[in-house]
Amino acid sequence: MLSGSSANAVVAPSRRQGSSRERIRDTPLNSRYEGHPMTKPRLRFAPSPTGYLHIGGVRTALFNWLWARKTGGTFVLRIEDTDRERSTVENEQVILREMRWLGLEWDEGPEQGGAHGPYRQMERLELYREFAEKLVTSGAAYRCYATKEELEQAREALRLSDPKAQFRYPGWWRDKGPSDWLSDRPYVVRLRTPQSGHTGWNDLVFGEQRIPNDTIQDVVLVRSDGVPLYNFGCVVDDYTMGITLVGRGRDHMINTPIQLLLYQALGVEPPQFGHLPMMLGKGGEKLSKRHGAVSVGEYREEGFPAVGLLNYLVRFGWSFGDQEVFAMPDLIEKFDWSRTSRADGKFDALKLSAIAFEHMKSPALIDDEAYVVALRSALARYGTVDERKLHAVLPTIRPRAKTFAEAAESVDWLFSDAPNYDEKSKEKFLLGDKAKTLAPLLEFLAAAPNFVAAELEPAVKAWSEANGYGLGDVAQPARVALTGRTFSPGLFDVMELLGREVTLGRLEAAIRLR
RNA sequence: GGUCCCAUCGUCUAGCGGUUAGGACGUCGGCUUCUCACGCCGAUAACGCGGGUUCGAUUCCCGCUGGGAUCACCA
């Protein structure tokens, strides 16, 4: 378990096990990037634009963002677009847009730039080339001229001789040097990893970790086309961007020793690492589309409030006693890595919905102004809607709408010219015998002195009683006449919202239906 | 298979040697009520198993079982 206060952790130096990292000290290349003031944490979110923004990724981003905001540190957004097959600019645009929608704004990143740019890996190729060259020169890495085909053959041969064995790079080029290099032939750069000993770190979440070096292969750092692979690009960037703390999913845990070895080979101090437990699907498998919406875009489109989504995600693998609901400033204040749990969990769309609903209901969590803005865009199909009506209807829909889309749908009667009758409701309450109260009610309402809920309610109640009606006998037909359906906010609120003229008009229209 | 990780209600979790094992979601009742919601009250339901350590283990240690991650010229 993690010890030490949060205040301590802010400036805590990384706690890497001391082992030799003498190789390429004091070279110009390294000194070029030293001198980042390490007093404030620098964190990053480094998505690859190979698809939509996944809610698992958002959770990772959120934890890093929260820590940056809490500590007054810097949050960097870096685009890891080295998978050229799958990366697209469209995906990048989507990711940036969703991050903004979520409110996870970044201090440095693509588009606005920053002191450590560029922030797209494909724009940093020259940098990787320099670092790779340095590593090869120092002997920490080497050129491997083995082709994919040769490797595939070796793999196949092993499969035949021992189907259960795990293939490892045979080390063909590990002990060769410049005199063996094949000019004009493509090569990859591999890290020369130690074959004995351990590599360890003190994980912010999982505590002391120790991985045997002989389980780590001579991984490829740079492809034959000169584009770096994940581990290399990641380390070069985290280092040159001055990242002090890397928060990421537990699926990256296996990459950490490799990256630590790389920092060691570079002769530089690694950042701290904190790994988050996995968010799995209902059955405990990898979270995917078949568990419902997994891309932020879908939640945005369904009208979920961003803060609600974030609140659910932060509570997944993190807790603060019994508190479930957090306003963002509260969360920033309370967030701490030490309260992160280590057990994987299962995504629950129902709980997400419930947490989001807490935000939808509470003006303290989503203030009226923000609610109205979101509601207005959800009501776009009605054109420009009356601002006053929007505010007025808020108290009646807040406890009823789980999403802005639901909110918009639940008040369509207020913004459309005529109610959109639900067929069954129309038949039951407007066409049959039950509609008989409509005409006398119309007459009564026409004479009501003040058309406000507080006066209409007692008046109509008294009138119903005096005429031998139950309030339900009056209210349900009237509700259908005014809203088109059998469920709505309180009838008298509906009347006040609609106003006398519209109310009477709709009652009249309903009466004519018979 | 190797390496690594994890283990409290169905789910998210609190708990950090002594608790009637708490909260939330869900589910089921009830109250409120002009409908639908909201709200309120109540119920349901968990420490995977076996060894230790200890006066005492959900809690500490070991083993087992069960889950998961990962082993690419993807990230």
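Quick note on labels: first sequence line is chain A, next is B, and so on, each numbered from 1.
A salt bridge links A:Asp225 with A:Arg84; the closest basic N to acidic carboxylate O contact falls under 4.0 Å. A:Lys334 and A:Asp330 are joined by a salt bridge, as a carboxylate oxygen and a charged side-chain nitrogen come within less than 4.0 angstrom of each other.
B:rC36 and B:rA24 have their P atoms separated by 25 Å, given to the nearest Å. For B:rU53 and B:rC61, the P atoms lie 15 Å apart once the distance is rounded to whole Å. Between the P atoms of B:rU54 and B:rG2, the separation comes to 34 Å (whole Å). Nucleotides B:rC71 and B:rU13 have their C1' atoms positioned 32 Å apart, rounded to a whole Å. Between B:rC9 and B:rG23, the two P atoms lie 16 Å apart (nearest whole Å).
With a 3.5 Å ceiling on both atom-pair distances, the Watson-Crick or G-U wobble partner of B:rG29 is B:rC41. Base-pair partner of B:rG1: B:rC71 (Watson-Crick or G-U wobble, both distances under 3.5 Å). The base-pairing partner of B:rG48, taking Watson-Crick or G-U wobble contacts with both distances under 3.5 Å, is B:rC64. With a 3.5 Å ceiling on both atom-pair distances, B:rU53 lacks any Watson-Crick or G-U wobble partner.
A:Arg155 comes within contact range of the sugar-phosphate backbone alone, with a heavy-atom separation under 4.0 Å but no base atom that close.
Of the candidate nucleotides B:rC34, B:rA24, B:rC36, B:rC34 has the atom nearest to the side chain of A:Leu471.
Scored by the salt bridge (Lys or Arg N to Asp or Glu O under 4.0 Å) test, A:Asp83 finds A:Arg86 as partners (sequence neighbours excluded). Considering only residues two or more places apart in sequence or on other chains, A:Asp81 meets the salt bridge (Lys or Arg N to Asp or Glu O under 4.0 Å) condition with none of them.
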Taking only nitrogen or oxygen atoms into account, show me every contact under 3.5 Å that the protein makes with nucleotides 4-9 of chain B, one pair per line with its distance.
none

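Side-chain nitrogen and oxygen atoms of A:Arg223 include at least one within less than 4.0 Å of the OP1 or OP2 phosphate oxygen of B:rA75. OP1 or OP2 of B:rC36 has not a single side-chain nitrogen or oxygen of A:Thr486 nearer than 4.0 Å. Proximity of A:Lys286 to the phosphate of B:rA69: no side-chain N or O atom is located under 4.0 Å from OP1 or OP2. In this structure, A:Lys361 does not reach the B:rC38 phosphate: none of its side-chain N or O atoms is under 4.0 Å from OP1 or OP2. Residue A:Thr50 places none of its side-chain N or O atoms closer than 4.0 Å to OP1 or OP2 of B:rA75.
Side-chain polar atoms of A:Gln272 and A:Asn202 form no donor-acceptor pair below 3.5 angstrom.
Under the 30°/60° scheme for interplanar angles, the aromatic rings of A:Trp337 and A:Phe335 are found to stand perpendicular. Ring orientation note: the planes of A:Tyr187 and A:Tyr145 are tilted relative to one another, at an angle of 30° to 60°.
The aromatic ring of A:His275 is not stacked on the base of B:rA69, since the criterion of ring centres less than 5.5 Å apart with planes inclined by under 30° is not met.
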